[in-house]
Amino acid sequence: MSQCPTSGRTFQIELRSVLATLQCLSDYAAEKGDGRSAAILGNAADLLELTLITPCAQVLVRPPVPTREQLAQALV
């Protein structure tokens, strides 16, 4: 049986949706070569992920966002 009340579970689902959106935007910015935006969005996603208390479900861990140097090397 779930340990979260229904309203708490709904809020968790909404937070996970925001988290997934931030992660997708971070990945998209990295693909477009905007390392600064990718890092900002990735950091925001990481902070949100840290604040989620997850007794109801697991949060998927995503790979780290490449650094500016890694992006520059990939474009060379």
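For the residue pair Ala38 and Ala30, the shortest heavy atom distance occurs at CB-N, 3.6 Å.
In the hydrophobic clustering of ILVMFWY residues, with side-chain heavy atoms under 4.5 Å counting as a link, Phe11 and Leu19 come out together. Leu22 and Leu15 fall within a single hydrophobic cluster, where Ile, Leu, Val, Met, Phe, Trp and Tyr are joined by side-chain heavy atoms under 4.5 Å apart, directly or via other members.
The CD atom of Glu49 lies 9.0 Å from the CZ atom of Arg16; values are rounded to the nearest 0.5 Å. Atom CG in Leu41 sits 12.5 Å away from atom OH in Tyr28 (nearest 0.5 Å). Rounding to the nearest 0.5 angstrom, the gap separating the CG atom in Leu25 from the NZ atom in Lys32 is 13.0 Å. A distance of 8.5 Å separates CG in Leu48 from CD in Gln23, rounded to the nearest 0.5 Å.
Thr21 meets the side-chain hydrogen bond (donor to acceptor under 3.5 Å, both in side chains) test with no other residue; sequence neighbours excluded.
Side-chain atoms of Ser37 never come within 3.5 Å of backbone atoms of Ala29 as a donor-acceptor pair (strictly under, hydrogens ignored).
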